[in-house]
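Predicted, not measured: the structure shown is a model, and the values here were computed from it. We're numbering straight along the sequence, starting at 1. One-based numbering, in listed order, for ligands and for the atoms of each.
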Amino acid sequence: MKNLFYIALILGIQLSFSQEEKPPNIILMIGDGMGLSHISAGMYANGNRTVLEEFEYVGLSKTHSLNYLITDSAASATAMASGVKTLNKVVGMDGDNNKQKTILEICKEKDYNVGLVVTSEIVHATPACFYANNQSRYDYEDIALQLSKHSVDLFVGGGEDFFNKRKDKRNLLEEMSTYTFVSDLAEFNNSSSKKIGFFTYPGEPPSKNQGREPSLDSLTEISLKKISKDKSFFIMIEGSQIDWGAHDNSLNYILSEYKEFDLAISKALDFAKADGNTLVIVTADHETGGLSLSGGNVNRSRVRADFTSGGHTGSMVPVFSFGPYSELFRGIYENTAIFDKMLSAVNGKR
Ligand code: MG
Ligand code: ZN
């Protein structure tokens with residue numbers, strides 16, 4: 001009798017393992033420069049609502065870099081992508097210039113589909129830290145060259161000129177023979193290619209206020225449909241220009257970028273709810289602008305804001321999580337722990 005109990009116990013454990021055998025999908029969404037005040041302003045300007053209220057857990061991330069209390073986007077994306085603190089401006093390397101493997105690359109080794117969708121250039125610091133290694137985030141042509149040789153399955157962003165209008169005269173688009181390049185949302189939606197590149201703009205995409213198309217929420221919806229087709233996936237989706245609006249100390253710029261990012265988060269959350277095996281993490285790389293809400297009217301969806309900086313600040317930033325392993329993201333931790341926690345999820349460790 002006792003033996004039967006143990007056999008049942010063992011079988012039960014094996015059953016629970018096999019149910020979790022398919023590793024979880026991960027959607028990492030980074031609002032560049034998106035501090036708590038940016039979210040609060042976006043929420044009050046949107047009828048006191050944000051989709052972030054639907055998330056299961058909230059944590060706080062410490063954003064300082066290896067050499068400064070105030071990080072830049074490269075050091076902080078390297079921390080989240082690879083789990084190491086590094087110097088400002090460094091992409092995908094530690095403080096001694098050792099190249100780091102990224103969560104995207106680890107997922108690819110585990111046979112995931114992997115993708116990147118951004119509203120900046122695809123070679124900009126935040127996405128670059130998921131596929132490139134360079135001592136300078138501004139070495140855009142080298143970063144483009146590294147993307148051209150990488151195993152990213154799907155990418156969307158601006159910056160095509162770094163691939164086909166280069167100082168070295170190479171045309172990387174021709175060298176990237178395994179990719180299908182699409183040029184608008186309909187082509188993107190209709191393509192059945194396994195590897196897709198979508199350059200939304202030849203250079204830096206304009207702001208939402210200036211008419212940037214396609215919208216990040218449409219891109220998110222279509223990208224998730226494509227990347228989830230046959231296997232588990234990792235995707236990083238960035239609302240890149242919340243930071244740029246804050247550098248400009250323009251509340252209107254921030255609000256329009258945040259509004260679009262909030263809609264994109266809705267698409268990710270809808271997907272995760274329907275799928276059941278998708279972890280969604282929404283966070284920021286740092287706060288920008290030292291933004292504070294100094295007045296407004298809740299009923300009229302009006303906010304007034306003051307800025308204390310034209311650059312980044314050192315405040316912790318929130319981390320919202322939903323889905324399997326989301327409980328790991330509670331508490332206060334270094335930004336490097338975001339990598340550790342995603343790795344735990346991919347390895348099935350709680
Ligand atoms: Mg960025
Ligand atoms: Zn910035």
Side-chain angles (χ1 to χ4, degrees), residues 27-39 61 63-65 67-82 86-92 102-104 115-132 134 136-140 143-144 147 152 155-159 162 200-201 203-208 212 216 219-220 235-251 253-254 256-258 260-261 264-265 281-291 307-317 319 335 338:
I27 305 174
L28 172 62
M29 304 190 73
I30 300 176
D32 198 310
M34 186 185 74
L36 201 50
S37 295
H38 304 65
I39 296 169
S61 163
T63 64
H64 66 92
S65 70
N67 56 339
Y68 286 105
L69 191 147
I70 310 294
T71 190
D72 80 327
S73 291
S76 130
T78 297
M80 292 189 275
S82 293
T86 192
L87 310 171
N88 284 5
K89 297 193 172 60
V90 171
V91 170
T102 72
I103 185 70
L104 178 147
L116 299 164
V117 178
V118 303
T119 54
S120 63
E121 302 94 321
I122 195 65
V123 294
H124 213 259
T126 311
C129 292
F130 288 82
Y131 63 81
N134 196 302
S136 170
R137 57 182 286 183
Y138 300 112
D139 195 353
Y140 292 128
I143 290 168
L147 179 58
V152 174
F155 67 86
V156 182
F162 296 110
T200 50
Y201 287 87
E204 182 177 281
S207 68
K208 194 69 192 168
R212 184 182 63 245
L216 187 59
L219 290 169
T220 297
I235 192 165
M236 193 284 289
I237 299 168
E238 185 196 22
S240 316
Q241 298 200 26
I242 298 168
D243 175 70
W244 303 358
H247 279 289
D248 284 359
N249 285 4
S250 163
L251 183 62
Y253 192 167
I254 293 170
S256 61
E257 295 297 330
Y258 179 80
E260 185 189 49
F261 192 51
I265 298 166
I281 305 145
V282 182
T283 188
D285 48 357
H286 50 72
E287 197 275 352
T288 306
L291 179 64
F307 296 88
T308 62
S309 168
H312 303 170
T313 73
S315 295
M316 294 190 286
V317 292
V319 183
N335 53 4
I338 293 173

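Residues Ser65 and Thr71 have side chains that never bring a donor and an acceptor to within less than 3.5 angstrom of each other. In this structure, a donor-acceptor pair under 3.5 Å is absent between the side chains of Thr313 and His286. Side chains of Ser73 and Asp32: a donor-acceptor N/O pair is present below 3.5 angstrom, by distance only.
Side-chain atoms of Asp72 come within 3.5 Å of backbone atoms of Lys89 as a donor-acceptor pair (strictly under, hydrogens ignored). Glu287 places no side-chain N or O within 3.5 Å of a backbone atom of Thr63 that could act as its donor or acceptor partner.
Only protein N, O or S atoms were considered, and those under 2.8 Å from the Mg ion (ligand 1) are Asp32 OD2, Thr126 OG1, Glu238 OE2.
When the N, O or S atoms of His312 are ranked by distance to the Zn ion (ligand 2), NE2 comes first.
At a cut-off of 2.8 Å, Asp243 is counted among the residues with an N, O or S atom near the Zn ion (ligand 2).
Considering only heavy atoms from C-beta on, Ile103 comes within 4.5 Å of Phe130 through its side chain.
A distance of 10.5 Å separates CG in Asp243 from CD in Glu257, rounded to the nearest 0.5 Å.
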